[in-house]
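Below is one structure, written out as structure tokens; the observations come after it.
All values derive from a computational prediction rather than experimental measurement. Side chains included, hydrogens not; waters and symmetry mates left out as well; all remaining heavy atoms used.
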Amino acid sequence: MDDRTIHDTDVAWLKESHVVVAEISVPSTGVGYEIGRAVEMNKPILALYRKGSEKRPSAMVSGCPQLTFYEYTDIDHAKQLIKEFLDKQLTSTTK
């Protein structure tokens, strides 16, 4: 796919999504862009960062009040945080 098709496909997926889960341990302008677009769309966003990673997350991400931001220690911990986030989102939409 060309760059435009990738962009348009990813934005369409964001529009269709109910929530966004982003792993941000490795800096990525693409993921940052997707998070920014998701904030504009008022999507619930979970940003996960692996504790002890070489680089700290951008303050533009970790300081964003529209994000739920958690550090995780291992994959099982990350899965638990994702489950809790999704359960909370499901509970809030069924009230």
Q. Aromatic ring centroids of Tyr70 and His77 under 6.0 Å?
A.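 They do not qualify: ring centres at least 6.0 Å apart.
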
Distance, nearest 0.5 Å, that separates [atom1] of [X] from [atom2] of [Y]:
X: Met1; Y: Asp8; atom1: CE; atom2: CG; result: 10.5 Å
X: Lys79; Y: Lys83; atom1: NZ; atom2: NZ; result: 13.0 Å
X: Ser58; Y: Met60; atom1: OG; atom2: CE; result: 6.5 Å

Hey, does the side chain of [X] reach the backbone of [Y] with a donor-acceptor pair shorter than 3.5 angstrom?
X: Ser28; Y: Val31; answer: yes
X: Lys43; Y: Ile35; answer: no
X: Ser25; Y: Ser53; answer: no

- Message: Can you confirm whether more than 12 heavy atoms, excluding those of Asp74, are under 6.0 Å from its CG atom?
- Response: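 Counting neighbours around CG of Asp74, more than 12 heavy atoms of other residues, nucleotides or ligands fall under 6.0 Å, so yes.
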
Which atom pair, heavy atoms only, marks the closest approach of [X] to [Y]?
X: Thr68; Y: Phe85; value: OG1-CE1, 3.7 Å
X: Pro44; Y: His18; value: CD-O, 3.2 Å
X: Leu81; Y: Glu71; value: CD1-O, 3.7 Å

- [ ] Show your reasoning for whether side chain to side chain contact (heavy atoms under 4.5 Å, CB included) applies to His7 and Tyr33.
- [x] CA-CA 10 Å; His7 170 273; Tyr33 178 81; 3.0 Å; yes

| Where does the angle between the aromatic ring planes of Phe69 and Tyr49 fall among parallel (under 30°), tilted (30 to 60°) and perpendicular (over 60°)? |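 Correct class here is parallel.
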
According to a hydrophobic-cluster definition based on side-chain heavy atoms being under 4.5 Å apart (Ile, Leu, Val, Met, Phe, Trp, Tyr only), do [X] and [Y] belong together?
X: Leu14; Y: Ile24; result: yes
X: Val11; Y: Val20; result: yes
X: Leu86; Y: Leu48; result: yes

Fill in: Residue list, salt bridge (Lys or Arg N to Asp or Glu O under 4.0 Å) with Glu40, at least two apart or on another chain
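Glu40 satisfies salt bridge (Lys or Arg N to Asp or Glu O under 4.0 Å) with Arg37 only.
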
Exercise for the section: List the steps, then state whether side chain to side chain contact (heavy atoms under 4.5 Å, CB included) holds for Glu34 with Trp13. Expected result: CA-CA 10 Å; Glu34 289 172 339; Trp13 286 339; over 6 Å; no

(request) For Lys51 and Tyr72, run side chain to side chain contact (heavy atoms under 4.5 Å, CB included): C-alpha distance rounded to whole Å, both residues' side-chain angles, the deciding distance at 0.1 Å, then the answer. (result) CA-CA 6 Å; Lys51 188 173 183 168; Tyr72 68 95; over 6 Å; no

In the structure I gave you, are the side-chain heavy atoms of Leu46 and Val19 within less than 4.5 Å of one another anywhere?
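They are not in contact (no side-chain heavy atoms under 4.5 Å apart), so the answer is no.
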
